[in-house]
Amino acid sequence: MTLTEIMETLPYGPAPEAAQPAMDWLKAHKGKFQLFIAGKWRNPASKEWFTTINPATAQKLAEVAQASAADVDEAVKAARKAFAGWSQTKGHVRARYLYAMARQIQKHARLFAVLETLDNGKPIRETRDIDIPLVARHFYYHAGWAQLMESELAGYAPLGVVGQIIPWNFPLLMLAWKVAPALAMGNTVVLKPAEFTPLTALLFAEICQNIGLPPGVVNIITGDGKTGAALVEHPGVDKIAFTGSTEVGRIIRKATAGSGKKLSLELGGKSPFVVFEDADLDSAVEGVVDAIWFNQGQVCCAGSRLLVQEGIAEKMYTKLRARMEKLRVGDPLDKAVDIGAIIAPVQLQKIQQLVQKGVEEGAKLWQPSWAVPAEGCFYPPTLFTEVAPASTIAQEEIFGPVLAALTFRTPEEAVRLANNTRYGLAASIWSEDINLALDVATQIKAGTIWINSTNLFDAASGFGGYRESGFGREGGKEGLWEYVKKIEQHRTAQGQTSSARGLTARASAESLPPIDRTAKLFIGGKQVRPDSGYSKAVYAPDGRLVGEVGLGNRKDIRNAVEAARSAQEGWRKTAAHSKAQILYFLAENLSQRAEEFARRLSEQTGQDGGAEVEAALEALFTAAAWADKYEGLVHPTPLRNVTLAIPEPIGVMGILCPDDQPLLALARLAGTALAMGNTLVVVPSPLAPLSATDFYQVLETSDVPAGTLNIVTGERDELALTLAEHDDVDAVWYAGPQAGWALVEKASAGNMKRTWILPSSGPLPDTDEILRQATQVKNIWVPYGA
Ligand code: NDP
């Protein structure tokens with residue numbers, strides 16, 4: 001056998017993911033799950049239970065409580081009771097809970113992924129790499145909105161108790177899409193998972209318990225359609241958020257009509273996947289794989305109608321068939337499997353019936369040569385060509401791995417065919433001509449359009465339908481409006497204070513002499529000695545010596561700038577979500593040492609150090625929150641055009657901190673600048689630099705890349721001058737006495753760097769101003785027209 005033959009015939013070996021940890025979790029619960037109401041587990045009033053099975057093996061996984069109308073009533077009452085406190089809880093506190101949820105999901109990611117695969121039948125590759133990471137992302141992102149609600153949604157209040165009903169195709173992800181924004185905005189929820197897939201929602205309930213979420217803020221009631229109907233009809237519910245079939249969506253629309261309940265519906269789809277003849281066909285074929293064979297095609301926005309330009313249709317079908325032949329259907333826990341099990345026999349029958357109908361209506365069926373496993377619920381990837389636009393398989397949502405292909409000749413015809421549906425959830429457009437792609441994108445009636453891509457989701461981007469695909473959006477800022485209502489008065493007028501740990505500043509009263517501490521400089525991710533070899537004393541307001549810091553000089557600044565420059569490209573390109581995570585992690589690690597920092601601050605400033613640490617933690621949360629939310633605009637310039645205004649980082653920045661509030665200034669100024677993608681050389685408060693030098697250890701444990709944040713202690717004006725003169729520094733923020741203002745501005749003229757002058761004491765600038773100073777807007781003009 002030649003090497004080529006070996007490479008071509010190399011069979012996949014089995015690569016099974018172990019089910020044991022998830023099975024152990026089920027066993028630890030004796031395979032039986034109660035309802036989660038008011039923070040406690042309780043038996044259903046109905047005394048009824050139903051079974052959830054593994055669709056890949058038809059084996060029973062667990063028994064789950066069937067919630068009756070009486071249980072729904074209990075859950076709604078618990079949510080109402082909890083709403084009183086939760087709606088008044090400060091945004092920062094809600095942000096902490098949502099952050100804890102994100103963290104818990106990451107920490108138990110594999111358990112969630114395996115459990116989801118067992119309960120739903122979707123491949124482990126998808127639960128592990130798509131569903132669960134997106135769930136964590138959703139909680140992180142909405143932790144940010146909880147943090148920012150008071151400033152960014154001023155004048156809006158939560159709605160109250162939200163009833164949420166979700167389907168089985170993305171069980172935990174749909175939970176996250178519903179629960180995260182609702183809680184972020186101060187609502188409490190009663191959620192009903194789908195009957196086929198309740199398990200990950202129950203594991204999520206455990207997380208809510210573990211993190212100490214106040215009882216009743218999240219209630220999980222399992223059951224069937226009757227449970228959902230009871231929730232919809234309950235008079236104590238202020239809003240219903242539903243994802244599922246258009247048929248049930250219609251029932252819910254009628255049931256809630258006139259009740260004053262707010263409603264959002266995310267329903268079915270029959271999304272077009274449009275391929276023009278200039279498309280990169282190999283990419284388009286991979287796109288089809290992701291569009292219709294992702295999650296066995298059980299995706300509301302699946303690209304289930306392939307519209308392909310006539311001239312390349314046969315070529316595309318040939319490539320597609322070759323690709324389909326290589327797809328692997330089988331055990332969803334096998335890491336090398338592409339397509340897992342269909343959710344249940346009833347869904348399999350529905351697919352089979354619709355495929356039969358397609359054949360009867362004259363479309364041409366093609367399936368790969370291999371057979372799917374005989375045991376369990378499986379269906380092969382299926383391609384229909386020669387499909388008539390009005391036929392059943394071109395119009396009905398099949399919700400399975402079945403693609404219906406049609407051809408078109410011109411872009412106008414493509415648009416007409418794409419819009420020839422009662423749905424409007426999503427569309428995917430493939431062309432190497434951006435003019436054409438954007439022109440068509442503006443004409444297709446759908447909530448999401450992907451160009452040369454498909455099935456992309458993110459918490460920062462709203463998702464939802466046009467027409468019979470429903471209304472309302474989930475994700476992005478637009479998704480928040482579904483969970484708030486306008487009020488006369490500003491929420492913060494109620495004068496809430498943080499319910500956090502209530503730190504108090506303690507005077508240091510050590511009986512032993514303290515161990516002498518060596519505060520160095522922090523450059524390139526390392527603690528380094530100052531080049532000068534000198535130290536500078538730090539005194540308390542009463543004149544007592546409280547410590548010493550290194551006296552940095554020009555050379556230290558140059559090294560720090562070099563480190564910041566080397567780190568700049570990597571940090572700028574780091575995904576906004578990752579930047580946010582790092583900033584949250586900084587806050588998390590700072591909070592571990594809150595008391596120590598509080599003490600140190602009180603020593604240096606004579607002020608309430610505990611309050612300053614709390615404010616610094618909030619500032620880091622706010623910076624993290626903005627990392628993925630400081631959005632650009634689309635300008636309405638003339639012509640057929642999109643002009644994208646994108647905020648970009650400035651680059652390497654020097655920040656000279658003010659005298660006062662040394663930790664808060666560091667967190668607010670540097671945190672926000674980092675969130676926007678800048679790398680920094682920071683000179684901490686000259687009067688109280690020890691909090692910054694203590695901060696090195698927090699930085700070292702928080703995944704902040706080396707060189708991203710450099711700290712040089714020393715004489716402010718001397719260091720400011722070096723920074724302002726340095727040609728590789730792009731901006732300098734100087735908070736200092738008036739004498740230094742002209743010095744910095746004059747010296748900045750060398751490379752025309754941006755400067756921002758601030759007073760040396762007094763209140764810090766607001767975050768919106770800092771965000772503007774930390775970014776520069778780039779306008780990208782994209783004309784279009786076919
Ligand atoms: P449903 O729309 O029936 O189910 C969605 C959720 O609503 C489930 O939790 C369900 O409970 C609940 N529900 C059912 N009836 C009612 C009611 N009268 N009032 C309130 N809630 C109710 O979808 P199915 O799971 O039954 O699937 C049926 C078809 O819907 C599928 O074949 C597929 O075509 C389509 N579908 C579309 C989805 C989409 O996102 N576009 C998602 C899921 C399905 P229970 O689980 O007990 O049924």
Side-chain angles (χ1 to χ4, degrees), residues 162-171 173-178 181-182 191-197 224-225 227-229 231-233 237 239-257 259 261-273 291-292 294-305 343 346-347 350-351 354 392-400 402 404 418-428 444-450 454-455 457 461-476 478-479 481-483:
V162 182
Q164 306 186 314
I165 301 166
I166 54 173
W168 41 260
N169 53 346
F170 292 89
L173 186 58
M174 288 302 105
L175 174 149
W177 281 25
K178 299 265 178 299
L191 178 124
K192 189 198 92 63
E195 194 183 343
F196 290 139
T197 54
D224 57 14
T227 314
L231 185 56
V232 167
E233 279 152 25
V237 169
K239 178 204 160 89
I240 293 290
F242 172 81
T243 298
S245 60
T246 296
E247 189 191 344
V248 175
R250 198 166 274 125
I251 295 172
I252 294 176
R253 171 65 290 182
K254 288 181 187 157
T256 54
S259 67
K261 282 179 192 151
K262 197 164 171 161
L263 182 62
S264 52
L265 298 173
E266 201 267 274
L267 309 174
K270 191 77 189 175
S271 298
F273 188 103
I292 188 68
F294 171 53
N295 203 25
Q296 298 68 249
Q298 303 168 134
V299 182
C300 51
C301 53
S304 51
R305 283 187 298 147
I343 187 71
V346 55
Q347 186 67 18
K350 185 185 160 194
I351 297 167
L354 280 163
T392 309
I393 55 166
Q395 294 294 330
E396 289 287 310
E397 184 178 43
I398 299 175
F399 229 62
V402 182
N419 287 336
N420 179 21
T421 167
R422 61 197 173 104
Y423 296 113
L425 199 52
S428 180
I444 293 182
K445 295 187 175 67
T448 301
I449 313 272
W450 294 292
T454 191
N455 274 342
F457 309 100
S461 177
F463 183 88
Y466 281 26
R467 311 207 270 195
E468 289 188 32
S469 291
F471 48 78
R473 291 290 177 269
E474 296 186 298
E478 59 259 52
W481 304 117
E482 305 297 332
Y483 289 101

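Numbers here simply count residues along the sequence, with the first being 1.
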Test side chain to side chain contact (heavy atoms under 4.5 Å, CB included) applied to Ser259 - qualifying residues, sequence neighbours left out: Thr256, Lys261
Testing the basics here: between Val232 and Ala255, what is the closest heavy-atom pair and its distance to 0.1 Å? CG1-CB, 3.8 Å
Could you work out, with side chain to side chain contact (heavy atoms under 4.5 Å, CB included) as the rule, every residue matching Asn420, not counting sequence neighbours? Pro389, Gln395
Is a salt bridge present between Glu468 and Arg422, judged by a nitrogen-to-oxygen distance below 4.0 Å? yes
Can you list the residues that meet the side-chain hydrogen bond (donor to acceptor under 3.5 Å, both in side chains) rule with Thr392, with sequence neighbours excluded? Glu361
Sequence neighbours left out, what passes salt bridge (Lys or Arg N to Asp or Glu O under 4.0 Å) with Lys192? Give chain and number order. none
Under the salt bridge (Lys or Arg N to Asp or Glu O under 4.0 Å) test, which residues partner Glu397, sequence neighbours left out? none
Contacts of Glu474 that satisfy side-chain hydrogen bond (donor to acceptor under 3.5 Å, both in side chains) - sequence neighbours left out: Lys178
Mark yes or no for whether Asn419, through its side chain, and Lys445, through its backbone, hold a donor-acceptor pair below 3.5 Å. yes
Residues forming a side chain to side chain contact (heavy atoms under 4.5 Å, CB included) with Ala176, sequence neighbours excluded: Val135, His138, Phe139
Quick one: list whatever passes salt bridge (Lys or Arg N to Asp or Glu O under 4.0 Å) with Glu482, sequence neighbours left out. Lys239
Counterpart residues, salt bridge (Lys or Arg N to Asp or Glu O under 4.0 Å), relative to Glu396 (two or more places apart): none
Nearest non-hydrogen partners of Gln347 and Ile398, listed with the distance: NE2-O, 3.7 Å
Sequence neighbours excluded, which residues qualify as ring pair (Phe, Tyr, Trp, His ring centres under 6.0 Å) partners of Phe273? Trp430
Minimum-distance pair of heavy atoms, taken over all atoms of Leu425 and Leu267: CD2-O, 3.7 Å
Applying side-chain hydrogen bond (donor to acceptor under 3.5 Å, both in side chains), can you list everything that pairs with Thr421, at least two apart in sequence or on another chain? none
Is it the case that the side chain of Thr243 and the backbone of Pro167 share a donor-acceptor pair, with hydrogens and angles ignored and the cut-off at 3.5 Å? no
Report the C-alpha distance between Phe399 and Gln296 in whole Å, list the side-chain angles of each, state the deciding distance to 0.1 Å, and finish with yes or no for side-chain contact (heavy atoms from CB on, under 4.5 Å). CA-CA 8 Å; Phe399 229 62; Gln296 298 68 249; over 6 Å; no
Closest approach of Ile166 and Leu175, non-hydrogen atoms and distance? CD1-N, 3.8 Å
What's the shortest heavy-atom distance between Gly464 and Arg473, and which atoms? C-NH1, 3.2 Å
List the atom of Gly424, the atom of Ser469, and the distance in Å for their closest heavy-atom pair. N-OG, 2.9 Å
Distance (rounded to the nearest 0.5 Å) between Ser271 OG and Tyr423 OH: 10.0 Å
Sequence-distant partners of Val299, side chain to side chain contact (heavy atoms under 4.5 Å, CB included), two or more places apart: Phe170, Phe294, Asn295, Cys301, Ala302, Asn455
